[in-house]
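Everything below concerns the one structure shown next.
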Amino acid sequence: MKDPLFDEGNSILRAGPVLALSIAALQGDDSPVPGWLQKASFNASYSWLDNIRTGRTYRHFMTSMGYALDDAGHVGIRLSYERGKIEETAQDVEITKVGLTAKY
C-alpha cells in the first residue's frame, strides 16, 4: 500500500520536528487564577516532516481553545483550527470547527 502523503511506494523515511504547546491554568482553590479562567485550555501543534528519500515536505498546524461549561469539566465547548495536509489521506485542509464536548 502506498503512503498517501508522499505517494512514493510502500515504504518511506520521514524525519522532522514537531512543536507543541499546551496551556492550562493552575487548578484548585489555592490557585491565583480566577475560577472562570481555570476552565479554559489552549493547545497548538506544528509539524513539518521531510521524506528523506525524495525531499518532499509535509506541514501541519492544529490549534484549539476549550472552555469547560460545568465545574467538573465534563461538558465544554471547543474551537479548533487545522491547516495543512492530513497524513492519512494527503488532502489539503483548512478548517475551523466549533463543537460541544463531553467526557465521562
Side-chain angles (χ1 to χ4, degrees):
M1 179 176 169
K2 289 186 177 181
D3 178 70
L5 191 57
F6 294 105
D7 197 29
E8 295 295 324
N10 61 1
S11 66
I12 58 171
L13 178 58
R14 293 184 287 192
V18 175
L19 299 175
L21 172 67
S22 294
I23 299 173
L26 183 62
Q27 304 290 310
D29 295 333
D30 296 337
S31 174
V33 179
W36 64 271
L37 192 54
Q38 291 182 27
K39 296 179 178 184
S41 64
F42 173 80
N43 297 297
S45 67
Y46 183 72
S47 59
W48 58 100
L49 302 174
D50 290 320
N51 185 334
I52 304 298
R53 295 180 185 149
T54 65
R56 293 177 72 187
T57 300
Y58 155 74
R59 288 182 166 76
H60 187 256
F61 174 71
M62 185 169 208
T63 187
S64 66
M65 291 180 61
Y67 191 80
L69 299 175
D70 65 335
D71 289 335
H74 294 291
V75 178
I77 190 165
R78 180 160 302 278
L79 172 67
S80 64
Y81 174 76
E82 182 177 10
R83 182 176 184 171
K85 286 190 178 285
I86 298 175
E87 186 170 2
E88 293 80 14
T89 63
Q91 292 183 328
D92 281 318
V93 66
E94 184 170 3
I95 188 166
T96 302
K97 297 185 269 187
V98 176
L100 186 63
T101 61
K103 58 182 176 182
Y104 289 95

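Numbers here are sequence positions counted from 1.
Cluster membership for Leu79 and Tyr81, using ILVMFWY side-chain heavy atoms within less than 4.5 angstrom, is not shared. Linking ILVMFWY residues whenever their side-chain heavy atoms come closer than 4.5 Å, directly or via other members, leaves Leu69 and Phe42 in distinct clusters. Leu100 is not connected to Met65 by any chain of hydrophobic side-chain contacts under 4.5 Å among Ile, Leu, Val, Met, Phe, Trp and Tyr, and they are in different clusters. Under the 4.5 Å side-chain contact rule for hydrophobic residues, Tyr67 and Val98 share a cluster. Linking Ile, Leu, Val, Met, Phe, Trp and Tyr residues whenever their side-chain heavy atoms come within less than 4.5 Å leaves Leu19 and Ile23 in two separate clusters.
Contact check for Val93 versus Met62: no side-chain heavy atoms found under the 4.5 Å cut-off.
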Review point. Asp71 and Lys39: salt bridge (charged side-chain N to carboxylate O under 4.0 Å, His left out), yes or no, with the steps?
Key: CA-CA 8 Å; Asp71 289 335; Lys39 296 179 178 184; 3.2 Å; yes
Review point. Could you walk me through whether Arg83 and Arg59 pass the side chain to side chain contact (heavy atoms under 4.5 Å, CB included) check?
Key: CA-CA 8 Å; Arg83 182 176 184 171; Arg59 288 182 166 76; over 6 Å; no
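Using a distance-only test at 3.5 Å, with no hydrogens or angles considered, a donor-acceptor pair links the side chain of Thr63 to the main chain of Asn43. Here the side chain of His74 pairs a donor or acceptor atom with the backbone of Lys103 at under 3.5 angstrom.
Within the model, atoms OG of Ser80 and NZ of Lys97 stand 5.0 Å from one another, a figure rounded to the nearest 0.5 Å.
The minimum heavy-atom distance between Thr101 and Arg78, with the atom names listed, is CG2-CB, 4.0 Å. The heavy-atom pair separating Ser31 from Leu26 by the smallest distance is OG-O, 2.7 Å. Across every non-hydrogen atom of Gly73 and Ala68, the tightest pair is CA-CB, 3.8 Å.
Using a 30° and 60° split on the angle between ring planes, Tyr46 and Phe61 fall in the tilted class, from 30° to 60°.
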